[in-house]
Structure formats: structure tokens, C-alpha cells
A.B. asks: 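The structure that follows is given in the form of C-alpha cells.
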Amino acid sequence: MTIRLYNTLTRRKEEFEPREEGAVAMYVCGPTVYNHVHIGNARTFLTFDVIRRYLEWRGFDVTYVQNITDIDDKIIARAAEEGSSAEEVARVYTEAFLDAMRELGVAKPTAQPRATETIPEMIEMTERLIEREHAYVVGGDVYFSVRSFAGYGRLSGRDIEEVRSGARVDVDERKSDPLDFALWKAAKPGEPHWPSPWGEGRPGWHLECSVMSEKELGVSFDIHGGASDLIFPHHENEIAQSEAATGQPFARYWLHGGLLQVNAEKMSKSLGNFMLLRDVLDRYPAPVVRLLMLQTHYRSPLDFSLDRLDEARAAYERIETLIRNIRWTRGTTPTMEGRSEEERERLTAAISGAQDSFVAEMDDDFNTAGALGALFELVRAANTFMTASDSALATADLVALSDVEDVLVESLGALGVEIGGARQQGYPPEVVELARELAGYRGDDPAGAVDALLAARAVARTERNWAAADAVRDGLARFGISVEDTAQGARITLAPRS
RNA sequence: GGCGACGUGGCCAAGUGGUAAGGCAGGGGCCUGCAAAGCCCUCAUCCCCGGUUCGAAUCCGGGCGUCGCCUCCA
């Protein structure tokens, strides 16, 4: 089965055929580090992290490159505001970005070049463009001549004449055409600058992606990603620069993620309606944030809110509870009879059905929402299986349930959603006191105390002494330990965290 | 004004020609000493109008509405 993906360049879903069999070269536009990334920025990085992980899971050898723009107008402006230097601003927010990505569970790119470390290559490409008469020097600036590149506008579906008439840009008199954009900017006083054949200056924003992708991935690499607001002009300009400089096609598949919205409006720093990723992660674990994002197709807009995060948390817990229950069941004593052959077969069919659907959905332009749906269907099948009768499970039943667990953990893992992680921080020491009080416990071991409490509760229940039984359950609940009665005995669960 | 995307149950969201996945929430029931977890039932004909077709949420035309890009933007 092949993977199909939607290519912005052709506006169609296409079969994915990497230039080199079994390997994928992809480039994703990274952040400009002038502020903390917000949850909208995070969505894009998450989207491409999932695509990357899935491709790897499908057996591709993925080279994943993401730049960090650490020199730019906005960084300079921010430095002026903070009374700091551009270098310092870039350093602080680069660190913050890397931390946030780590916390979100975004896998490290194969290469993560920074603009300020790629200056010589950018100068080199600019020289190539001047040489090929696609760029010209005015004063200390160098501009790309848009009209010199025939394919301009193909990605964004724009006509050069219309771009021009609709332009709201201030026309820079030094450009020979308003459409042209800067490859190299002469430094103004007090700005960071690097030496170049055209004097001291700094690179234009669009240039770095062309240069870095060529350096790390070569020409005509496989996938170029970014959010949809980068299609024009950023990606259009990248194509123009690279193809004009090399004479070769730039990237083969262009993938663009939908924007995150708040109250049906784009989340952006300029609108001020943003929420920082770090603040969201303070309140919700990374897998929950990821699950929320993955419940919507990556190309669609996604309206973000705390309520929706709560919903995602409930959905996450549904899967987590199942996994916990399966693991607990494995510790029970198997019987000979267990579930019927028919029930077991039904579960086995549900497992392979879920696996097949998961792959089919993901292969179809990374339909994570559909893929998650398939996993939730498996969750239901497993729950049904476990509660089909009161009798204990047979060894074969436990094996089938372990398969369910494996499929869920592995499939979610392919999407970078961690689940079922160890959660053993031990019982709080206070349970010893509770056990002394309610169960006549004499030791000082918390685990032993819990055992004593459960034993006391079991006795109380057979004696129909509900007050005593509930005292144990309520007492443990105060320490975040829940007690659930099942046909196979009491199942205790330690609440997450403290 | 130009280009593009979208409009599916209370909320969110898959599905893009064969009769509506999944999640969350609500109602009813089962299980339970009570609970928890879970299961079952229940809750849509897919913005509107017209057309193509044996058949359309799915294709075409028109309308209404929302969003994005056209300026830095993930």
C-alpha cells in the first residue's frame, strides 16, 4: 500500500514516491525566535513531527531538517524593546523553543541549522543569483527579480499582475519592481551585520530556507512543510530563489498545515489572541495536547480552547483506563474456561481490523482523526470483551488483551502520543496510619498497609458491614488511591501525580 | 477587489457517488451493597436552491455564511 498526500503545488492528493527509495528528505520551516512559541506555532511543529514519525514507523529513513531563524527584523525590534541585544533575544528564545519542543514530545530534527551559522552559504547563493541575472544590487541591498523567474506564483495560484495590483505594500523606490524582495539587506546603524561583497549587512528571511535545504538535503528533495500562511510569499519566494539558482525543481511535495484559531479567528501574535505553548503544557500533559490536535485533520483549521483540552483529556483517559485495566487483569489468576471462543475471535478480528484501518487512514494524507477513530473502536471491543461475563479470564484471553495493549501503545506511539507509561511513585506513607486505625496494621510499610486495608475491607464486605468497607475506600481516596470492585477482586489505582 | 479553503448531531470531527466512523456532553437501562470502570439503547439525512445520476453529504451551477492569504506571521 502506498502513501498518498495532498500536494499544495498540484492541489491534489498524490501517491508519494520519494526520490530515493526507502528514504525521505523533508524540510519544515522553523520559528523566528523573538518570543515564546504559542500553541498555534506548536500545532504546525506537531503536525510535521507526526508526519515524520509516521513515515519512520512505515519504514522510511527520514532526514528531517528544520531551521531556526535567529536574525530578523522582529528579533531586532524585540531587542530594542527589551533594551537587550539581538543575539541575546535569539539565544533566550531559541533555548525556550527547544525546551518547549522537548516537553511536547517533538522528536529532534536530524539537523537544525541556524540562520546566523549559514551566512556564508547565503552569500554564496546570492552571488549565484546575481551571476544568473536573477538578482541585482542597489546600494548595499540585493533584490531578487521576480519577473526574471517564469514560474513565480505557481504554488500559491497567483498571477503576477494581480499580486501587483492588489499589493498594499509600501513601494520601495530602490526596487526596480515592487514585486521584488530582498535577499540581502544593508545594515542600519546599531543592527547586527556580517561582511559581504555588497558591504556589511544581513540576509533576508526567505533566503535561509533555500540555502539550508540545499545544503542539508540537496536539490529536489521530497517534502517541504509549513503552515498555510507561509504559502505566500515565503514559500513562493523560496521556490523562485532555489530554482533560479539551481535550474532544478526545488521540492517535490508541498505540505501545508491548517491554522489554529481562537473563536474562529487565526491565533497570532499580532492579534494578541495567543496562548503560549509553555502555559498550556503547565496545565495539560503533552499527550493530551497532542491528542487534541490529532483529532482534527492537519490541513483543517482547528479552533482551540481549554474546554476542548478537557474533552481531549477525557478521551485520553478512556484509553489509559483500558490499558490500566488490562495490566491489572494480567495479575489475576486465569481460569480454564474464560471467554468463549467466539468472543475471543471477535476481539482478534477487532485487533487486526483496527491495525488495518489505522494504517489505511494514515496512509491517506495522514488522516489522524480517522486513525484515532479506529483505535477507539478497538477500545470498545476490548472493554466489551472484558465485561462479557463475570468469570475470570483464561490465559488465552489475557494474551489477546495484551495484543490490544500492544497495538494501542504502538499505534499511538507512531503518532508520538505516549500512553500507559509507568506510574509507580509508591503509596504515600500516610496510609500506614490509616491501616493502623482501620485494619489493626502493625508494620510500617505502605504497601503492606494497603494490603491490610484491602483485606480488612474484603472481610467487612462479606460481613455486609458497609460502613467499615466504605471507611477504607474513602480513607484511601483521600490519598488519591481509588478502589474499584470487580468480579476478580478489588482493583486499586493510584491517581496520577501528587 | 483577486486567489484559496471550509459549512456534517448539543459541542468537536472522520467520511468526498451507494445509503452517516470516532471523541466529548445529555437522557434511559444493565452491572454494583453503594460507587467506580464498563456495556447496551437513545440523540443527524449532512447551510439553502437548482441540476447530473438508478442513486449525492459526496459531482456541477447559483446563493448565503465563515475563515485564510494577498503586509511580518506556524
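All values derive from a computational prediction rather than experimental measurement. What you see below is based on every heavy atom in this structure, not just the backbone, and it leaves out hydrogens, waters and symmetry mates. We name chains A, B, ... by the order of the sequence lines, and we start the count at 1 in each one.
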A.B. asks: Would you mind classifying the nucleic acid contact of T387(A) as base, sugar-phosphate or nothing, using non-hydrogen atoms under 4.0 angstrom?
C.D. replies: sugar-phosphate

A.B. asks: Over all strands shown, is R154(A) touching base, sugar-phosphate only, or nothing at heavy-atom distances under 4.0 angstrom?
C.D. replies: nothing

A.B. asks: May I ask you to check whether over 12 heavy atoms, not counting those of E342(A), lie within 6.0 Å of atom CD?
C.D. replies: no

A.B. asks: How close or far is atom C1' of C24(B) from atom CG of L291(A), stated in whole angstroms?
C.D. replies: 11 Å

A.B. asks: Using the P atoms only, state how far G68(B) lies from C60(B), rounded to an integer number of Å.
C.D. replies: 25 Å

A.B. asks: If I pick the P atom on C12(B) and the same atom on G62(B), what distance separates them, to the nearest angstrom?
C.D. replies: 29 Å

A.B. asks: Measure CD/E236(A) against P/G4(B) and give the value in whole Å, please.
C.D. replies: 13 Å

A.B. asks: For the side chain of D470(A), starting at C-beta, report the closest nucleotide among A13(B), G33(B), A37(B).
C.D. replies: G33(B)

A.B. asks: Quick one: label I231(A) by what it contacts on the DNA or RNA (base, sugar-phosphate, nothing), any heavy atom closer than 4.0 Å.
C.D. replies: nothing

A.B. asks: Roughly how many Å apart are G55(B) and C30(B), using the C1' atom of each and rounding to a whole number?
C.D. replies: 41 Å

A.B. asks: Contact class for A314(A) vs. all strands (heavy atom < 4.0 Å): base, sugar-phosphate, or nothing?
C.D. replies: sugar-phosphate

A.B. asks: What is the nucleic acid contact for V37(A), judged by heavy atoms within less than 4.0 Å: base, sugar-phosphate only, or nothing?
C.D. replies: nothing

A.B. asks: Looking only at the side chain of E311(A) (C-beta and beyond, no hydrogens), which of the listed nucleotides C24(B), A35(B), C40(B) gets closest?
C.D. replies: C24(B)

A.B. asks: For H234(A) and G68(B), what is the distance between atoms NE2 and C1' respectively, to the nearest whole Å?
C.D. replies: 18 Å

A.B. asks: Can you find a side chain N or O atom of S156(A) that sits less than 4.0 Å from OP1 or OP2 on G2(B)?
C.D. replies: no

A.B. asks: Taking only side-chain nitrogens and oxygens of R491(A), does any of them come within less than 4.0 Å of OP1 or OP2 of A36(B)?
C.D. replies: no

A.B. asks: So if I take every side-chain heavy atom of R461(A) and compare against C69(B), C34(B), A21(B), which nucleotide ends up nearest?
C.D. replies: C34(B)

A.B. asks: Give a yes or no on whether a donor-acceptor pair under 3.5 Å exists between the nucleobase atoms of C69(B), that is its base, and the side chain of R158(A).
C.D. replies: yes

A.B. asks: Does the side-chain ring of W466(A) lie flat on the base of G33(B), meaning centres under 5.5 Å and planes less than 30 degrees apart?
C.D. replies: yes

A.B. asks: Does Y34(A) have R78(A) sitting over its ring (NZ/CZ under 6.0 Å from centre, angle to axis within 45°)?
C.D. replies: no

A.B. asks: Any chance the side chains of Q488(A) and T329(A) put a donor and an acceptor closer than 3.5 Å?
C.D. replies: no

A.B. asks: Using a 4.0 Å heavy-atom cut-off, does M267(A) contact any base of the nucleic acid, only the sugar-phosphate backbone, or nothing at all?
C.D. replies: base

A.B. asks: Taking the same atom, C1', in G65(B) and in G26(B), what whole-Å distance lies between them?
C.D. replies: 29 Å

A.B. asks: Under 4.0 angstrom, heavy atoms only, what part of the nucleic acid is D72(A) near: base, sugar-phosphate, or nothing?
C.D. replies: nothing

A.B. asks: With a 3.5 angstrom cut-off on both distances, give the Watson-Crick or G-U wobble partner of C59(B), or none if there isn't one.
C.D. replies: G51(B)

A.B. asks: Counting heavy atoms from C-beta on, name the nucleotide in A37(B), C69(B), C39(B) closest to the side chain of T321(A).
C.D. replies: A37(B)

A.B. asks: Could you give the distance separating A35(B) and G10(B) at their P atoms, to the nearest angstrom?
C.D. replies: 31 Å

A.B. asks: Determine the contact category for H297(A): base if any of its heavy atoms lies under 4.0 Å from a base atom, sugar-phosphate if only primed atoms, P, OP1 or OP2 are that close, otherwise nothing.
C.D. replies: sugar-phosphate

A.B. asks: Given that both distances must come in under 3.5 Å, which nucleotide forms a Watson-Crick or G-U wobble pair with C11(B)?
C.D. replies: G23(B)

A.B. asks: At under 4.0 Å between heavy atoms, what does G40(A) touch on the DNA or RNA strands: base, sugar-phosphate, or nothing?
C.D. replies: base

A.B. asks: Please report the interatomic distance OH(Y253(A)) to OG1(T10(A)), rounded to the nearest 0.5 Å.
C.D. replies: 9.0 Å

A.B. asks: If we count only N and O atoms by modelled type, under 3.5 Å, do the side chains of S482(A) and R491(A) hold a donor and an acceptor together?
C.D. replies: no

A.B. asks: Just checking, any donor-acceptor pair under 3.5 angstrom between side chains of D303(A) and S305(A)?
C.D. replies: no

A.B. asks: Parallel, tilted or perpendicular, judged at 30° and 60°: which one describes the rings of H206(A) and H234(A)?
C.D. replies: tilted

A.B. asks: Let me know which of W254(A), F250(A), Y152(A), Y27(A) forms a ring-ring contact (aromatic ring centres under 6.0 Å, His included) with H235(A).
C.D. replies: W254(A)

A.B. asks: Rounded off to whole Å, could you give me the CG-to-P distance for the D307(A) and A25(B) pair?
C.D. replies: 12 Å

A.B. asks: For a quick check of understanding: with a heavy-atom distance under 4.0 Å over all strands, which category does L260(A) fall into, base, sugar-phosphate or nothing?
C.D. replies: base

A.B. asks: Between G4(B) atom P and R12(A) atom CZ, what is the distance in whole Å?
C.D. replies: 16 Å

A.B. asks: Reckon T47(A) touches a base, only the sugar-phosphate, or nothing at all at heavy-atom distances under 4.0 Å?
C.D. replies: nothing

A.B. asks: Could you walk me through whether S210(A) and Q241(A) pass the side chain to side chain donor-acceptor pair (under 3.5 Å) check?
C.D. replies: CA-CA 7 Å; S210(A) 285; Q241(A) 291 162 346; 2.8 Å; yes

A.B. asks: Both T486(A) and A42(A) contact RNA chain B. Which one's nearest nucleotide lies toward the 5' end?
C.D. replies: T486(A)

A.B. asks: Taking A56(B) as the reference, what is the distance to A74(B) when you measure between their C1' atoms (whole Å, please)?
C.D. replies: 37 Å

A.B. asks: Only pairs with both distances under 3.5 Å count, Watson-Crick or wobble alike; so what is the partner of G17(B) in this structure?
C.D. replies: none

A.B. asks: Do the side-chain N or O atoms of N383(A) get closer than 4.0 angstrom to the phosphate oxygens (OP1, OP2) of C39(B)?
C.D. replies: yes

A.B. asks: Is there a donor on the side chain of R299(A) or the base of A5(B) sitting less than 3.5 Å from an acceptor on the other?
C.D. replies: no

A.B. asks: Which whole number of Å gives the distance between the P atom of C72(B) and that of C67(B)?
C.D. replies: 22 Å

A.B. asks: Reckon N325(A) has a side-chain N or O less than 4.0 Å from the OP1 or OP2 of G38(B)?
C.D. replies: no

A.B. asks: Restricting to pairs with a member in residues 258-267 of chain A, which pass side chain to side chain donor-acceptor pair (under 3.5 Å), not counting sequence neighbours?
C.D. replies: D229(A)-K266(A)

A.B. asks: Is any side-chain nitrogen or oxygen of R473(A) closer than 4.0 Å to OP1 or OP2 of C34(B)?
C.D. replies: no

A.B. asks: Listed in order of residue number, which residues of residues 95-116 of chain A have a non-hydrogen atom at under 4.0 Å from RNA chain B?
C.D. replies: none

A.B. asks: We want to know whether Y64(A) and D49(A) form a side-chain donor-acceptor pair, criterion being a heavy-atom distance below 3.5 angstrom.
C.D. replies: no

A.B. asks: Looking only at the side chain of D485(A) (C-beta and beyond, no hydrogens), which of the listed nucleotides A14(B), G33(B), G23(B) gets closest?
C.D. replies: G33(B)

A.B. asks: Do any side-chain nitrogens or oxygens of K13(A) fall under 4.0 Å of OP1 or OP2 in U16(B)?
C.D. replies: no

A.B. asks: Describe the nucleic acid contact of K266(A) in one word from base, sugar-phosphate, nothing, applying a heavy-atom distance below 4.0 Å.
C.D. replies: base

A.B. asks: Out of C40(B), A13(B), G23(B), which nucleotide sits closest to the side chain of A315(A)?
C.D. replies: G23(B)

A.B. asks: Starting the side chain at C-beta, find the nucleotide from A36(B), C11(B), A13(B) nearest to A369(A).
C.D. replies: A13(B)

A.B. asks: Both distances below 3.5 Å, Watson-Crick or wobble geometry, any strand: find the nucleotide opposite A37(B).
C.D. replies: none

A.B. asks: Rounded to the nearest angstrom, tell me the gap between atom CD1 in I419(A) and atom P in G23(B).
C.D. replies: 14 Å

A.B. asks: In the structure shown, which nucleotide is the Watson-Crick or G-U wobble counterpart of G68(B), with both distances under 3.5 Å?
C.D. replies: C3(B)

A.B. asks: Nearest whole Å is fine: how far is A37(B) C1' from E320(A) CD?
C.D. replies: 14 Å

A.B. asks: Is it true that the side chains of D70(A) and Y93(A) contain a donor and an acceptor less than 3.5 Å apart?
C.D. replies: no

